[in-house]
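Accompanying notes for the structure given below.
For the single chain, residues carry numbers from 1 onward in sequence order.
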Amino acid sequence: MAGSFVEIQIPQQKLYSGIQFPVVITPSPAASFTLSALTKTIEAQKPYLEAQLRKSGAVLFRGFPVNSASDFNEVVEASGFEEFPYVGGAAPRTNVVGRVFTANESPPDQKIPFHHEMAQVPEYPAKLFFFCEVEPGRGGETPIVLSHIVYERMKERYPEFVDKLEEHGLIYNRVLGEDDDPSSPIGRGWKSTFLTKDKSIAEERAAKLGMKLEWLEDGVKSIMGPIPAIKYDSTRQRKIWFNSMVAAYTGWEDARNDPVKAVTFGDGSPLPAVTIHDCLKVLEEESVAIPWRKGDVLLLDNLAVLHSRKSFSPPRRVLASLCK
């Protein structure tokens, strides 16, 4: 507990080595919270919040007066975390206000598989904020899972597979159309991916990300990698499952993309389907899915935690902000 924040327990939390995942913070009963009181408390309690994030990997703020996108933007600003520009990501998103974007706008009947945000490019955000502006009609949770737990379980079950991942890394292949396709979870077109209409500027920006582009008649194929699939989290001194392997293999599917070709070992050899589907089971078994309530703000450490999205019945509006 710190200042006017109180830690509470909710049924969905998991306990790992005595640490709650996620940490859930609410206003103390004695405190009357306005939005400006909340932002001031976040500024004053930054060391406490950073310690909670380091310890647990995820912090859920529940019961605070955060009602709109602009309120959420103020909360993000109060955190003092620097903005991360969304260049090179796959999801179609729209800027709402300030540093706030829509979360992945793919259709409600589609699940979005577990991933670390932008793990398929060399530069990725360190922290993510999510905000529930409109509660889902049904479903629509954002399940979260601790990356080092996934690594440990996969290493135990498939040591040779994990050794090969550590040795070779992964290559990601994705075909992008010219414009955004909101019907696809990976429907971001090349113009908004690279923030330009000029092919040569797109190539320069892709090269900075370590990405090769092959132009097609009606779009472009992007090839990323080999890049590491397992990273070392130096803050917490443990290995993490930092990749988009399951997401790409099971979810990068649309009119342009065959998910089985979307990701391979770094030497170009195919990934074993059985192992991928088993990894998906591990992710689901270890995950925590907390039903969204209006006003919830979820802060994730993108190195420690993978996230996903369940299918839902509208309405649902969850906004996001990416930070360095």
Side-chain angles (χ1 to χ4, degrees), residues 12-23 53-60 90 104 111-121 124-128 130 141-172 185 225-252 259 262-266 270-290 298-310:
Q12 294 86 0
Q13 281 166 306
K14 279 187 158 59
L15 205 58
Y16 290 101
S17 312
I19 296 163
Q20 292 286 356
F21 176 71
V23 170
L53 192 61
R54 197 161 47 245
K55 185 176 77 173
S56 175
V59 178
L60 174 65
N104 189 322
K111 284 182 182 174
I112 296 170
F114 280 102
H115 60 288
H116 286 279
E117 194 64 34
M118 298 174 70
Q120 75 280 9
V121 289
Y124 44 82
K127 299 171 191 77
L128 317 172
F130 292 102
E141 297 94 337
T142 300
I144 52 176
V145 63
L146 283 164
S147 197
H148 72 288
I149 300 289
V150 180
Y151 171 80
E152 285 164 12
R153 285 197 52 189
M154 289 299 290
K155 178 81 174 170
E156 202 177 289
R157 269 190 198 177
Y158 299 103
E160 286 164 12
F161 172 77
V162 174
D163 287 348
K164 190 170 177 181
L165 270 186
E166 295 202 50
E167 186 183 343
H168 293 289
L170 291 167
I171 292 173
Y172 299 95
I227 62 171
I230 308 295
K231 283 191 186 294
Y232 183 70
D233 178 352
S234 52
T235 308
R236 300 172 182 85
Q237 301 188 324
R238 60 198 186 195
K239 285 184 176 177
I240 50 171
W241 192 256
F242 196 83
N243 60 69
S244 296
M245 178 183 81
V246 170
Y249 196 93
T250 64
W252 285 15
V263 59
T264 64
F265 280 117
L271 299 171
V274 173
T275 313
I276 306 273
H277 289 291
D278 233 27
C279 182
L280 182 57
K281 276 189 206 146
V282 168
L283 286 159
E284 283 171 353
E285 283 165 15
E286 297 293 345
S287 71
V288 169
I290 298 169
L298 178 63
L299 169 60
L300 300 182
D301 183 313
N302 192 36
L303 268 178
V305 177
L306 300 99
H307 66 279
S308 64
R309 184 198 79 187
K310 291 195 178 189

Pairwise side-chain contact, [X] with [Y], heavy-atom cut-off 4.5 Å (strictly under):
X      : Y      : result
Val145 : Glu285 : no
Tyr232 : Gln237 : yes
Leu53  : Leu299 : yes
Pro143 : Lys310 : yes
Asp278 : Tyr158 : yes
Leu165 : Phe265 : yes
Lys155 : Glu166 : yes
Pro226 : Ile171 : yes

Donor-acceptor under 3.5 Å ([X] side chain, [Y] main chain):
X      : Y      : value
His307 : Ile144 : no
Gln13  : Pro22  : yes
Asn104 : Pro185 : yes
His148 : Trp241 : no

Discussion item. Among residues at least two apart in sequence or on other chains, which ones pass ring pair (Phe, Tyr, Trp, His ring centres under 6.0 Å) with Tyr172?
Written reply: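 For Tyr172, the residues satisfying ring pair (Phe, Tyr, Trp, His ring centres under 6.0 Å) (neighbours in sequence not counted) are Trp252.
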
First locate atom [atom1] of [X], then atom [atom2] of [Y], and finally report the distance between them rounded to the nearest 0.5 Å.
X      : Y      : atom1 : atom2 : answer
Met154 : Thr275 : CE    : OG1   : 6.0 Å
Arg157 : Lys281 : CZ    : NZ    : 7.5 Å
Phe21  : Gln12  : CZ    : CD    : 12.5 Å
Thr250 : Ile276 : OG1   : CD1   : 8.5 Å
Ile227 : Ser244 : CD1   : OG    : 7.5 Å
His115 : Asn243 : NE2   : CG    : 12.0 Å

Discussion item. So for atom NZ, which belongs to Lys111, do other residues, nucleotides or ligands contribute more than 12 heavy atoms lying within a distance under 6.0 Å?
Written reply: no

Item to complete: Please say which of Lys55, Lys127, Arg54, Arg236 ends up in a salt bridge (charged side-chain N to carboxylate O under 4.0 Å, His left out) with Asp301.
Response: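 It is Arg236, the one option of Lys55, Lys127, Arg54, Arg236 that forms the salt bridge (charged side-chain N to carboxylate O under 4.0 Å, His left out) with Asp301.
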
Worksheet item: Parallel under 30°, tilted from 30 to 60°, perpendicular over 60°: which one fits the rings of Tyr249 and His277?
Response: perpendicular

